[in-house]
Amino acid sequence: MRFKTNMNPSDKIITTLRPLFTEKYEEIHTFHLKGGGGGHVVKALSDLADTLLLKGFQSLNPELAQEWGGTLIAIGGYGRQELSPSSDIDLMFLYSEGEVEETNTAASQLLCLLWDLGYKVGHSTRTVDETIALARQDPLIATSLLESRFLHGDRALFKTFHTTFYKNVIDKHIKEILLHLKEGRDAGRREFGATPYLLEPNLKQSPGGLRDIHYLKWVSCARYHTHHLPQIHQWGHLSNMEYTSLVQAQDFLWKIRNHLHFLAGKASDHLTIERQEEIAPFFQLKDRRGLMREYYAHTGRILEISKRFTREAFPVGRGQRWKRSWKTRQIAPGFQIFADELTIKSEKPFQFFDDDTNILRLFLLAKTHSVRIADSVLEVIYQISVKKREIPLTAGAVSLFKTLMTEPGGIAQSLRIMHRVHLLWRLIPEFAAVHCLVQESRSHAFTVDEHSFRAVEAAEQFLHEEGPLQEMYAAIQRKDILHLAILLHDIGKGGPQDHSQAGGDIAERTAHRLGYNDTEQEKLVFLVRKHLMFSEIALYRDFTNEPVLQQFVETVKTSELLRKLLILTCADIRATTPGAFTDWKRDLLLKLYKEASAVLTGRAS
């Protein structure tokens, strides 16, 4: 059957649909401005697109709408019914052999209508065989089809496509699909900062953002054939706490994204400092600090849950299960490595970890053996840490912490996890105050806590970089004091007092709490209080002027503190933002070190 081709939608249809679009869009916008949930808004916008699309399809050419034997399918975010105000719509026109002309006619007429209404539309026209063949060849196409949703047309054709796609593309190649999804998300996280704790994150793409929820849903579609969080939870793949956290975090991110789109009148996912300040009052928050603290709390949790879920969703065959069981080994009394994870043998974990030394021994063993701690074990540590937050750790546990802080390699990652489960707060209660604390300068790309961990990480990396910094770092005695000073150097931020002075006061209390003697305490406090001095003199003053150099040397006093202060300074700069530690800065810092060292050596001789 032939149909007349009309590339432009009739004025009558546009005249009918545009007022409907405007009215409903404004209703949704008003609902949002009154505090409506993000999930309700994205669903309502998706429903509006469905309504306009189907009314337009039926109105453009009633004969075509009635006789066309194809199927109209929503894919991508539209397939999930998650449309933000300026999101694109992705459609697939699926047709049977011999209906290419009719399909092209239907597609061209409908697309013109949607474009005229202001939608950005991505589309494809394919047969079932073509779709399956392309999905096999291109994992990106396969991913976009995971959440396909029937809109209009031949339901039997949609069912044939859906069944064939999952049977011949997904289920048949599940490991390859999951591996592709993992590699793609890992690359995306690296591209967008590798951490949720960025100064100006991307709501969609940054680690812990909406894309990590999409990733979880894609994996669930491939593995369990559902992307609906309630269903995933009901089937036992998300705990009650994880499900609640994901739902709340997802709605929060949707709400921010919707607001950005409404404000800009276009797709806008970059949460700049200016936008943070602008939208904070809408969320009934005083300033951007409160907004971003909530953002970081949600995105950190999303990233944690997404990694856990997708890791456990990877299928394990009988052979792998036997191999894992065979490789299980005890590495210390009560501790074992199973399936490449550190866990415990005890069936009473809360009783086992009631002994603080077992908690710190867990982290020390994980660091020593370069193995991750099982999520179930970390959940126990978290609950204990919250319950015992006001109770200091025992002397034996503190001793193990100091051991952990001594040997380079995995210290920063250990501290991150200890912070995440609130164990670090029992050792250094003041660290809770800088949890997800926003920096006030664009020169710092990360939150205070993440910057501190990155600084420790940077110091550890010097051991593997040939050159003078490697030599000086390797020569440092009592690296635990250095690493602790680096961890604490910005802990004074967030209060009214100068952060170096406030940090020194906290360092003094920490040293006393951890059992350091007076001499050790004095060195730690000096490094924290004076952590800006080296860079200020090297980069902004003429230290070839003898009085300037002499005053610097008299302040530092010893070659040991000079080395420690240099490493702290270099690590601090490297951890502020990618590319901050330039060759020029490094050379000036080393030059000041050389000049000061010569004076100290001369004085000693």
Side-chain angles (χ1 to χ4, degrees), residues 1-26 28 44-132 134-135 141 144-145 147-162 165 266-267:
M1 184 179 289
R2 296 294 183 99
F3 300 95
K4 293 180 180 179
T5 301
N6 177 14
M7 295 302 292
N8 297 306
S10 69
D11 293 339
K12 183 178 179 181
I13 298 168
I14 293 299
T15 302
T16 302
L17 292 185
R18 182 168 287 143
L20 174 63
F21 169 76
T22 302
E23 178 188 353
K24 294 300 181 182
Y25 187 87
E26 286 305 316
I28 296 168
L45 288 167
S46 179
D47 290 344
L48 174 59
D50 287 358
T51 300
L52 294 168
L53 191 151
L54 297 178
K55 282 182 178 293
F57 190 92
Q58 293 165 358
S59 302
L60 282 172
N61 190 324
E63 184 183 5
L64 175 61
Q66 195 171 41
E67 299 295 333
W68 178 54
T71 302
L72 185 58
I73 300 172
I75 59 177
Y78 184 34
R80 293 190 305 271
Q81 296 182 290
E82 297 173 1
L83 280 187
S84 286
S86 297
S87 293
D88 295 351
I89 288 178
D90 292 308
L91 298 171
M92 182 169 68
F93 295 82
L94 197 67
Y95 63 94
S96 301
E97 295 293 343
E99 290 194 336
V100 62
E101 183 178 348
E102 294 89 337
T103 301
N104 288 336
T105 299
S108 63
Q109 292 186 5
L110 189 58
L111 292 172
C112 284
L113 172 64
L114 292 173
W115 290 331
D116 197 65
L117 288 171
Y119 284 104
K120 293 181 180 178
V121 187
H123 78 286
S124 59
T125 56
R126 302 172 183 142
T127 65
V128 172
D129 289 344
E130 288 171 344
T131 304
I132 299 303
L134 287 169
I141 293 177
S144 71
L145 297 174
E147 298 156 318
S148 303
R149 179 169 61 92
F150 173 84
L151 287 173
H152 179 74
D154 187 346
R155 284 188 179 274
L157 183 62
F158 174 78
K159 185 175 181 181
T160 297
F161 149 71
H162 195 266
F165 170 69
K266 61 181 180 180

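Only heavy atoms go into these numbers, but all of them, side chains included; no hydrogens, no water, no symmetry mates. We count residues from 1, following the sequence as given.
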>> I need the full list of salt bridge (charged side-chain N to carboxylate O under 4.0 Å, His left out) pairs touching residues 148-157, with sequence neighbours left out, sorted by first then second residue.
In response: D50-R149
> Is the shortest distance from a Lys or Arg side-chain nitrogen in D47 or K24 to a carboxylate oxygen in the other one below 4.0 Å?
Replying inline: no
> Of all heavy-atom pairs between A267 and S86, which one has the smallest distance, and what is that distance?
Replying inline: N-CB, 3.2 Å
>> Quick check for you: to the nearest 0.5 Å, what is the distance between L52 atom CG and T16 atom OG1?
In response: 11.5 Å
> Roughly how far, to the nearest 0.5 Å, is CZ of R18 from CG of L113?
Replying inline: 9.5 Å
> Judged by atom type as modelled, is there a donor-acceptor pair below 3.5 Å linking the side chain of T127 to the main-chain atoms of E130?
Replying inline: yes
>> Looking at every non-hydrogen atom in both residues, tell me the closest pair between L53 and L72 and how far apart they are.
In response: CD2-CD2, 2.8 Å
> What heavy-atom pair brings P85 and Y25 nearest, and what distance separates the two atoms?
Replying inline: CB-OH, 3.6 Å
> Under the side-chain contact (heavy atoms from CB on, under 4.5 Å) criterion, do L145 and M92 qualify, and how do the steps go?
Replying inline: CA-CA 9 Å; L145 297 174; M92 182 169 68; 3.9 Å; yes
> Which heavy atom in A106 sits nearest to a heavy atom in F57, and how many Å separate them?
Replying inline: CB-CE1, 4.0 Å
> Do Y119 and F21 make the cut of ring centroids closer than 6.0 angstrom?
Replying inline: yes
> Between Y78 and A49, what is the shortest heavy-atom contact and its length?
Replying inline: OH-C, 3.5 Å
> Where do S46 and Q81 come nearest, in terms of heavy atoms and distance?
Replying inline: OG-CA, 3.3 Å
>> Given L94, which partner from the list F150, F161, F158 fulfils the side chain to side chain contact (heavy atoms under 4.5 Å, CB included) test?
In response: F161
>> Please identify which of these residues, I75, T125, I73, L151, meets the side chain to side chain contact (heavy atoms under 4.5 Å, CB included) condition with L91.
In response: L151
>> Within this structure, what is the CG-CG distance for the pair D116 and L111, rounded to the nearest 0.5 Å?
In response: 12.5 Å
> Has the side chain of N104 got a donor or acceptor atom that lies under 3.5 Å from a matching backbone atom of V100?
Replying inline: yes
>> Applying side-chain contact (heavy atoms from CB on, under 4.5 Å) to R126 and I141, what does each step give before you reach the verdict?
In response: CA-CA 12 Å; R126 302 172 183 142; I141 293 177; 4.1 Å; yes
